[in-house]
Amino acid sequence: MAKELPGYGTINVPKDRAVPFGAVTPAPVCTQDLFQTSNWRIVRPVKDDEKCTRCLICYMSCPDACWIYQEEQDLMEWVAGFCKGCQICINECPTGALTAVAELDFPDGVIRLDKPF
Amino acid sequence: MAKVHEITVWTRGVTMDKEGRDVINIFAKAAQMDGKHAQAFDNYEDLPDRVLVTVRKYVRLSDEEIEHKYIYHNENPEVVVIVEPTIVKGIDILRGMKKGGTLIINTNRSIDDMLKFIPNADLLATVATVDADGITGVRTVDFSGSEGGVDTSGIGKGVAAPICGAMARVTGWIKKENLAEIVGDVSGMERGYSEVKIKKLG
Amino acid sequence: MQAFDYKFQQLEPLKSFKRAPALEVYVPGHRTCAGCGPALNYRLTAKAAGPETIFIGPTGCMYVANSSYLCTPYACSWIHAQITNGGAVASGIEAAFKVLARKGKHNGSFPNVIVMAGDGGTVDIGLQAMSGMMYRNHKVLFICYDNESYANTGIQTSPTTPYGAATTFTPPGKEIPEGKVLFPKDAPQLVIGGHPAVKYVATTTIAHPLDLMNKVRKALSKPGPTFLHMLAPCPKGWLFDEKLTREMAKLAVETGMWSMYEWEDGEYKYTNVPKKYKPVGEYMKYQGRFAHLKPEHIAKMQAFVDERIKSVKEKIPIPVPTPKQKA
Amino acid sequence: MAKELMMTGCRAAAEGAKAAEVEVICSYPIRPYTAIMMELAKMVANGELNAEFIHGEGEHAQVSVVLGACASGARAYTGSSGVGVTYAMEVYSPMAGGRYPAQMSIADRTLDPPGDFGSEHTDAMSTRDQGWLLGWACSPQEVYDNTLINYRVGEDHRVMLPQMVCQDGYFISHIPDKVILGDQSQVKEFLPPYRPISPLSTTEPVSHGPQIRPDQGAPMDAARAQTFLAVPKVIEEATADFNRIFGRNYDPFVEQYKLEDADIAFFIQGAHSNTCRTSVDRLRKQGVKAGMARLRWVRPWPTHQLANALGHVKAVGVVETSTSYGGAMRGGNLVHELRASLYDLEQRPLVTSFMAGLGGETIWPADFDYMAKVLTEMVKEKKTRNYVYWIGM
């Protein structure tokens, strides 16, 4: 048994490919910023503050929590970064305060996500 | 290794997924009718698709047998096809493209309007638009052909037909006559072929 | 065993939308469909339960679409379970917190332990684990977000898929024109019928947010196992326009396709019972999954629903007539 | 005070779990491991052990329950036998991948069909590629000891892996033998409390087990493979500490019995090693230079240690109590890995496989005599005539 036996080699996971131990990740706080979904949108809801009664139905209808009631200003705030444009809020608004406008009509909101989700 | 042309089709989940799938399947079939070697497949990571999420479909095309078939992505697409135009706002659709590429968009908006949303348009030699929704207005939804199944509702009955017509004209890689044998909506395909607007960039 | 104060959370009912906690515990940034019913369901549940909650997520859309690529939307603790074992993993978590509390290793309030399972993870492959958990009297809220199919794998039939629905495993064809020929399992009745430890079961829909949140809070305030069955329409699987998600849930209640009730300590309490039920066709016409049905199939569905409505009416106590006062 | 008692392997496993102060226990009845849970149930009912005792609705639930408990920061314990072990198959990989160091005590039983209560190692051996630590004891004493050693190794932050502590059904699980139970102060010195890494918590919320892309899979697998490279050192440390604190004399990986000058050797694991040991003595008296290598860990497999222990021997007979139908040598599972471990030696021993003790059959001293005869002939002929011999068939 003079010959030396082979070893098991070494394993080096490249830093940029490392995954968390046991695939456990910290929970997000307010939004999952690694997963913006504004690029799902074909239309965006545009609100009319005059017609809006702050009934909060849009807030309670959004699967993506994209309507927030700002108590101090007494205004509804739309979350542009995550709205997928499903139009549930527009469909549910009892006063017709929301309208669907084509996303391409707006110059803003251009993002270049690295990973297309 | 044989030269492989990569075509990436961007569409949206569920509502336009079948149309995107039709585009790649029709294109590959038409190429195969000319004896070319072609591979058409969904991006596996994009499955299962969700309503309105951006999803990718790929064609790989070669004059010779494609040697390496097992890839997940088209890394360097020469041609990018956009089935739903809003996608240009949210994704770097030209990612991996080498200079001199081609972009084809299904829209009734002007080419210059669309280019405003594409900061890296200098990669492009050709941009084309076709108003496929205006031509047919049909978007088939059928899950039977997803996940490697076979579409029971046929192929090329909606916006995919004019888009493929436009692709034949712009790329020159497939023949209109072959398309006519494949698609359900032949007149839509022919209108796409003749009505596509093409702009050559400096 | 000696009584021990585990510091279970008591959650007061919410009076209005404005009184609902502003904190989002299921945050935006997930890969669920635009207009996803189950996502709204998750959001409202998490909001009602609050941050001191542990969610168990058996495999399904609410696992795969939510936790894609190591990004998750759960601002509270969450753990993946297999589609088979949501109830069992939850049992282990609940038991661990109990023993850790007894040993002084966990000193805060007892977490709300919630299993958020799809219909497959509840009444199909997950039924055994759920039933075991309920039988053993774990303080766990088991929620079935019912989108009436295996949606994550591309819309295959599940035991709650309604009769006549087209799915990729029940495609309508010449031999089988109606697509799905079986009638669905009744999840809450399965729970009520055989689990004496369960004292609270309720049904609700995503179109009734205050009702949903209050049922979550009531269920979490019980000391033992509870079950909520929530209708969460699926725009992809049911093939309707994604803006109609809430509309579908409302129509389900208005046509009798879905009944809203609470079952508490053996007593039924029905809410949102329409004065006159709409025909089921009103509900089915919006949904592509029923588009292939012939009138005789719709009639068969109507008969099934009529039968169910009859039992609803039997369970609603008849108000005792008060004699008219003479003028 | 440490005390010596007569007890079965089942009772010894329960005593080990009690000494480890396990916090969540999940049971489901199946022979022959059931008595482990019966004993623990009594301890909990009597208030000797402050734990949650959960009646799982099946083995799949058992492993799921301890997964949840372990993820929440509790020391968790379960067990099974035979088809119970294979029924839980789905959950083994999430358990290891999530790095949940719970323990499962196995008393082996033959897989169906037909129902056979006898011991065969195939039940637990069939989980060997799921990422758990896996090893066999050869006495009730070693069952007790392995219970503590496995928790210590599995919960080490360099490891964080679930463990299967195996014993032969009936032979170990049901036949009483002398067991020295440790004093609780010894246990405390040896086994620190379980310190979870990022457990489920209400104050520091975490997500356990989100989806990944295919390109994130390889790094995860690599990280686990890396961990298995680190495990042997942890096992060595733990065994040394255990020997020191409890006054035992374990080789961490391979018990080497009269191997130094052996011409032929038996390679074996579990209960039958006791018959093998006395057979070695008997054979030695007859002038046959026999020895024995007894495997203590199947995962991680001690490749180098086995090469060192057996390299000089002329012929090795692998005494198998598991099946691998249609496998390379048409024998059991151990022979493949042993042959692979010896492959790189300049002078390799001849290796054959003895299928013995299957279905729980007794392996008789005479069987070892026969095996020794086969091995001696192999040495004489300088070749392996058959890959496998079915003993008694």
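Each chain gets a letter, A, B and so on, in the order the sequences are listed, and its residues count up from 1. Because the structure is a prediction, the values reported are computed rather than measured.
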With chain C, which of [options] has the greatest number of heavy-atom pairs at distances under 4.5 Å?
options: A:C62, A:G85, A:G81; answer: A:C62
options: A:Q87, A:R41, A:E71; answer: A:Q87
options: A:A27, A:C55, A:A23, A:P26; answer: A:A27
options: A:I57, A:V19, A:I90, A:V24; answer: A:I57

Under 4.5 Å from any heavy atom of chain C - which part of [X]:
X: A:C89; answer: neither
X: A:I68; answer: neither
X: A:T25; answer: side chain

request  = State plainly whether the residues A:K84 and C:E242 are in salt-bridge range, i.e. N to O under 4.0 Å.
outcome  =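 C:E242 and A:K84: not salt-bridged.
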
request  = Return the option, out of C:C33, C:P235, C:S16, C:P51, with the maximum number of heavy-atom pairs under 4.5 Å with chain A.
outcome  =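 Most pairs with chain A among the choices: C:C33.
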
inquiry  = Let's test your reading of the structure: which of C:Y26, C:Y74, C:Y42 forms the most heavy-atom pairs below 4.5 Å with chain A?
reply    =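 Most heavy-atom pairs within the cutoff with chain A belong to C:Y74.
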
task = Determine, step by step, whether C:H229 and C:W258 satisfy the side chain to side chain contact (heavy atoms under 4.5 Å, CB included) criterion, reporting the C-alpha distance in whole Å, the side-chain angles of both residues, the deciding distance to 0.1 Å, and the verdict.
result = CA-CA 10 Å; C:H229 192 208; C:W258 188 267; 3.3 Å; yes

Relative to chain A, which segment of [X] carries a heavy atom at a distance below 4.5 Å: side chain, backbone, both, or neither?
X: C:L44; value: side chain
X: C:R246; value: both
X: C:P73; value: backbone
X: C:K18; value: both
X: C:H80; value: neither
X: C:T32; value: both

inquiry  = Taking the cut-offs as 6.0 angstrom to the six-membered ring centre and 45 degrees off its axis, would you call C:R43 and C:Y145 a cation-pi pair?
reply    =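 So C:R43 doesn't make the cation-pi contact.
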
request  = Given side chain to side chain donor-acceptor pair (under 3.5 Å), test C:E52 with C:S109 step by step and report yes or no.
outcome  = CA-CA 8 Å; C:E52 289 192 302; C:S109 55; 2.9 Å; yes

key: Donor-acceptor pair, side chain of C:N147 and main chain of C:A232, under 3.5 angstrom   =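 Side chain of C:N147 to backbone of C:A232, a donor-acceptor pair under 3.5 Å: no, none is there.
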
request  = State whether the side chain of C:S67 and the backbone N or O of C:V64 hold a donor-acceptor pair below 3.5 Å, judged by distance alone.
outcome  =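 Not a single qualifying donor-acceptor pair exists.
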
With the side chain counted from C-beta on, respond yes when [X] and [Y] share a heavy-atom pair under 4.5 Å apart, and no when they do not.
X: A:R54; Y: A:L75; result: yes
X: C:L239; Y: C:Q287; result: no
X: A:E103; Y: A:I42; result: no

request  = Give the minimum heavy-atom separation between C:V25 and C:G50, together with the two atoms involved.
outcome  =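 Of all heavy-atom pairs spanning C:V25 and C:G50, the closest is CG2-C, 3.8 Å.
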
